[in-house]
Amino acid sequence: MSEQATLRDAADAQEFTIGAALDPNALRVDPSYWKTVAENFNAVTPENALKMTRLRPSRHTYDFKNADAIVNFGVENDMYVRGHTLVWHNQKPEWFQAWDYTDEQLRTFLRDHIHTVAGRYRAKIDAWDVVNEAVDDDGSMRRTVWSDGLGEDYIADAFRWADEVTDADLFYNDYGADEINEKSDAIYDLVEGLLEDDVPIDGVGLQLHALGDWPDPESIAENIQRFQDLGLEVHITEMDVAFHDGEEPENPLEEQAEYYRDVVETCLDVGCDNLVTWGVHDGSSWIRGFKDFGQRYTGDPLLFDGRYGEKPAYDAVKEGLEEY
Ligand code: XIL
């Protein structure tokens, strides 16, 4: 394929969906931010604005202002809009304590949340991360307020409740499950069980936060294919690429670019046509504040630098799409 003007053009020509997680304030106050997004991406997802903590300022109120801003921006710009996320153990509102609810009340609470939020965006959101990170790092089911109160069926219930109010594709999303490993094996068993029970699940999201130890593209391909063989779609939902702090090679930006390109080519090889980067530019990346058991990472994991400059990683993704 010939050279295209922007990343978005290259993605469109390849019928590939390339997205970024967005911050509503940046969208409002920084024209460079929205122009960069509109020109270079054909998909968006709110980085935080659809999480329960942001949507539910108090027990009986919702605030959709920020989520609406991002979703409407996406719709206006003919983008694929991903909703993130309906059920998660993190980023719950401070006023919310599971022990204020009986199990039955908790069930009603979660069902109402899903009905209200997924229902509101019925005509606008194309895919939902219905359940996020329900499997623990060792492959066991994560113990959360939801599993404690509702039992492990909460996962199936969440998908069914979402299906009642939206036609969006419904995804299970998780980190650390990009390659074939204990955790992705457990997720495989989980979604296989859901399908056997006729639970309305359409896909699996692999977050692909490549932090320090980058998942092996061949293993990613094999992993994607086994989910596809179940009849599920697979999307890369939160990609960023960083080194362990203090362990950068001599040419970090080139190595990072090469990895981005490898992943895009892997996706194209196996027919996974949807990849979201977790932010627009390095200056706003969550990795800058992220510490994993004391471990920090280099703070420039995205396709644009803090001044909206196109990085080698940008060129690599674009060329990967153009040259495929
Ligand atoms: C992160 C956001 O990027 C941060 O701004 C926020 O403070 C914490 O959450 N897995 C997920 C995302 O599914 O929702 C997380 O996003 C990153 C890890």
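Order of appearance sets the numbers: ligands from 1, and atoms from 1 within every ligand. The shown structure was predicted, so the numbers you read here are calculated from the model rather than taken from an experiment.
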Starting from [atom], which protein heavy atom do you reach first, and at what distance in Å?
{"atom": "atom 2 (C) of ligand 1", "answer": "Glu47 OE2, 3.4 Å"}
{"atom": "atom 11 (C) of ligand 1", "answer": "Glu238 OE1, 3.0 Å"}
{"atom": "atom 8 (C) of ligand 1", "answer": "Gln91 OE1, 3.3 Å"}

How are the rings of Phe109 and Tyr101 set relative to one another: parallel (under 30°), tilted (30 to 60°) or perpendicular (over 60°)?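 Taking Tyr101 first and then Phe109, their aromatic rings sit tilted (interplane angle of 30° to 60°).
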
Where ligand 1 meets [X] - atom numbers and elements under 4.0 angstrom, heavy-atom basis:
{"X": "Asn132", "value": "11 (C), 13 (O)"}
{"X": "Trp88", "value": "14 (O)"}
{"X": "Lys51", "value": "1 (C), 2 (C), 9 (O), 12 (C), 14 (O), 15 (C), 16 (O)"}
{"X": "His84", "value": "11 (C), 12 (C), 13 (O), 14 (O)"}

When you check the gap from the basic side-chain N to the acidic O, do Arg143 and Asp148 get nearer than 4.0 Å?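 Between Asp148 and Arg143 there is a salt bridge, with a charged N closer than 4.0 Å to a carboxylate O.
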
Decide, yes or no, whether a salt bridge links Lys183 with Asp178 under the criterion of side-chain N to carboxylate O below 4.0 Å.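 No, Lys183 and Asp178 are not salt-bridged.
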
How about [X] and [Y]: are their ring centres within less than 6.0 Å of each other?
{"X": "Trp95", "Y": "His60", "result": "no"}
{"X": "Phe243", "Y": "Trp214", "result": "yes"}
{"X": "Tyr175", "Y": "Trp88", "result": "no"}

Tell me which part of [X] gets within contact of ligand 1: side chain, backbone, both or neither, using heavy atoms under 4.0 Å.
{"X": "Tyr175", "answer": "neither"}
{"X": "Asn48", "answer": "side chain"}
{"X": "Asn90", "answer": "neither"}

Given Ser285 and Trp278, is the side-chain contact (heavy atoms from CB on, under 4.5 Å) satisfied, shown in steps? CA-CA 7 Å; Ser285 166; Trp278 205 239; over 6 Å; no

Under 4.0 angstrom from ligand 1, any heavy atom of Phe290?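 The answer is no, since Phe290 has no heavy atom less than 4.0 Å from ligand 1.
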
Would you mind telling me which of Arg288, Arg307, Lys311 makes a side-chain hydrogen bond (donor to acceptor under 3.5 Å, both in side chains) with Asp282?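 Only one of Arg288, Arg307, Lys311 forms a side-chain hydrogen bond (donor to acceptor under 3.5 Å, both in side chains) with Asp282, namely Lys311.
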
Is Arg122 atom CZ crowded by more than 12 heavy atoms from other residues, nucleotides or ligands, each under 6.0 Å away?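 Yes, enclosed.
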
Is the closest N or O pair between Trp286 and ligand 1 shorter than 3.5 Å?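 No - when backbone and side-chain N and O of Trp286 are compared with those of ligand 1, no distance drops under 3.5 Å.
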
Would Glu133 count as a polar contact of ligand 1, with the cut-off being nitrogen or oxygen pairs under 3.5 Å?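 Yes; the residue has a nitrogen or oxygen that sits under 3.5 Å from a nitrogen or oxygen of the ligand.
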
